[in-house]
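To start, the structure itself, in structure tokens.
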Amino acid sequence: MPFQKFNFHSTLLDNLSSLGYKFPTPVQNQVIPQIFSGVDLRVSAPTGTGKTAAFLLPVIQRLFTSHSPSKKKGPRALILVPTRELAMQVTDEAKKYSKAINKMKTICICGGVEFYKQNRELNLPHEIVVATPGRLIDQLARGRISLARIEIVVLDEADRMLDMGFSESVQEIFEELPSKPQTLLFSATLKGNVLALSKKLLNKPMEINIELETHKKENIDQSIFYVDDIHHKQKILVHLLDHLNIEQAIIFTSTKIQAEKLTQSLLDLNYLAASLHGDMNQRQRTKTINQLRNGRHHILVATDVAARGIDVRTISHVINFDLPRGFEDYVHRIGRTARAEAKGTAISFASNKEGKLLALIEKQMGKKIEIKKIPGLEPKKNLRASDKKSFSHRKPPFKNKNRRNFFQKKKSSRYPK
């Protein structure tokens with residue numbers, strides 16, 4: 001097994017084999033040896049590249065094969081993540097990798113869960129804590145957790161953490177840590193605020209950049225449909241859902257209200273759809289994600305709360321009903337498909353007001369995104385100047401008196417089991 005080259009313990013190798021892991025990904029090949037060397041790292045690696053295993057596997061190996069220098073209580077490894085969904089996902093992965101390894105318990109500390117439940121776990125021996133910054137600070141203030149034994153810290157999706165305003169919280173947490181824990185920072189990009197934060201928290205870090213290999217997203221078929229207005233956008237969406245070979249899809253919207261409205265419209269058309277956004281409590285969000293994994297929902301309409309931390313390998317399509325606010329969010333959104341080196345499709349809708357944003361995404365992607373049109377549903381305006389064409393001889397708009405309205409109920413069910 002190629003993972004043997006890292007000298008992992010036999011139990012850890014058995015766990016990887018049972019999970020179907022055959023070959024390390026590029027980020028794992030580069031990151032794992034450096035973590036073992038003890039240096040601080042800042043790593044640029046988009047989602048879907050195997051970065052979670054890249055830091056979890058050496059962390060588990062290190063904790064399993066070495067003794068804590070301190071006899072105090074508390075975890076030895078801290079993994080900070082921006083969202084509850086990602087915290088739960090990383091925790092689940094850690095438990096899978098460390099199965100049957102004695103004294104290798106991982107607990108999750110995040111919002112949306114009652115304190116008394118987390119307190120019960122904190123009272124039991126544990127080696128790894130996966131936490132969101134806000135809830136971890138709450139537990140520190142309550143005296144429920146000590147970070148005195150921490151040997152290694154991981155900042156996962158650091159760019160998203162800063163976008164969510166956690167910069168001060170992260171720095172406050174680092175003030176509670178021992179003087180020199182090994183620190184690993186992972187981010188979609190290493191610039192701006194992320195680079196500034198890394199200079200504050202990391203000690204002479206080695207930099208590993210996987211961006212150039214992965215941002216091209218060669219295994220994702222990316223395309224753009226120009227839209228004139230919300231009604232035009234809805235018509236194109238229905239057409240795509242009717243005609244594409246979709247296994248499961250995530251449709252991203254910019255607001256919670258839009259997510260709810262669009263979900264209801266799809267339900268009225270008998271699609272197996274559900275919404276996911278920040279106004280839902282943790283129980284509702286967990287239930288929705290589990291139902292998506294179990295195939296009870298074929299379409300998830302979500303805000304960017306779902307762009308990071310959801311790993312459902314049957315997602316064949318991502319549709320940006322609303323364009324994201326920047327390149328990093330675009331990368332994370334489309335990274336929900338084509339998981340584990342599979343192929344996927346990412347479709348974006350763009351209006352004539354979003355030219356600069358689209359141009360920025362394409363510039364940082366390093367290539368133009370293919371423009372597609374549907375006969376009868378062509379836009380009246382084009383976004384990209386180089387793509388302007390005369391529409392004087394185009395076919396008249398598609399008209400069908402029997403065509404259902406987007407909000408009209410339809411009897412037949414979609415995507416039957």
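All figures in this text were calculated on a predicted structure; none of them were measured in a lab.
- Residues Asn352 and Lys380 have side chains that never bring a donor and an acceptor to within less than 3.5 angstrom of each other.
- Counting heavy atoms of neighbouring residues, nucleotides and ligands inside a 6.0 Å radius, atom CD1 of Ile257 does not exceed 12 of them.
- Each salt bridge (Lys or Arg N to Asp or Glu O under 4.0 Å) pair with one or both residues in residues 165-192, not counting sequence neighbours, would appear here, but there are none.
- The two residues Ile250 and Ala302 come nearest to each other via the heavy atoms CG2-CB, 4.4 Å.
- Of all non-hydrogen atoms in Ala350 and Leu358, the two that sit nearest each other are CB-CD2, 4.3 Å.
- Salt bridge status for Arg333 with Asp304: present, with a side-chain N to carboxylate O gap under 4.0 Å.
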field: side-chain contact (heavy atoms from CB on, under 4.5 Å) evaluation trace for Phe115 with Gln139
entry: CA-CA 9 Å; Phe115 277 98; Gln139 292 288 21; 3.5 Å; yes
Take Thr253 and Thr303 through the test side-chain contact (heavy atoms from CB on, under 4.5 Å) and record every step on the way to the result. CA-CA 5 Å; Thr253 65; Thr303 56; 4.1 Å; yes
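- One N or O on the side chain of Asn15 and one on the backbone of Tyr97 form a donor-acceptor pair closer than 3.5 Å.
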- Report the C-alpha distance between Glu260 and His277 in whole Å, list the side-chain angles of each, state the deciding distance to 0.1 Å, and finish with yes or no for side-chain hydrogen bond (donor to acceptor under 3.5 Å, both in side chains). CA-CA 9 Å; Glu260 287 288 351; His277 54 74; 2.6 Å; yes
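- Side chain to side chain, Gln118 and Arg144 fail the donor-acceptor criterion of an N or O pair below 3.5 Å.
- Across every non-hydrogen atom of Ala94 and Ser98, the tightest pair is O-OG, 2.7 Å.
- Tested against Leu80 for a side-chain contact (heavy atoms from CB on, under 4.5 Å), the candidates Asp156, Val130, Val154, Leu136 yield a single pass: Leu136.
- Exactly one residue among Glu151, His126, Lys105 makes a side-chain contact (heavy atoms from CB on, under 4.5 Å) with Pro75. That residue is His126.
- Ring planes of Phe3 and Tyr21: tilted class, angle from 30 to 60°.
- A cation-pi arrangement, defined by a distance under 6.0 Å to the six-membered ring centre and an angle within 45 degrees of its axis, is absent between Lys373 and Tyr226.
- Listed for the Ser37 side chain is a donor-acceptor partner under 3.5 Å among the backbone atoms of Gln34.
- Taking all atoms of both residues into account, the shortest heavy-atom contact from Cys110 to Thr132 is CA-OG1, 3.4 Å.
- Contact record, Ile334 with Ala346: CG2-CB, 3.5 Å, taken as the closest heavy-atom pair.
- Inspection of the Ser167 and Gln171 side chains reveals an N or O donor paired with an N or O acceptor under 3.5 Å.
- Tyr330 pairs in a side-chain contact (heavy atoms from CB on, under 4.5 Å) with only one of the listed residues (Glu362, Arg325, Met365), which is Met365.
- With Ile79 as reference, Leu56 is the one residue of Val153, Leu56, Thr106, Leu184 to meet the side-chain contact (heavy atoms from CB on, under 4.5 Å) rule.
- Minimum heavy-atom separation, Glu247 to His298: O-CD2, 3.5 Å.
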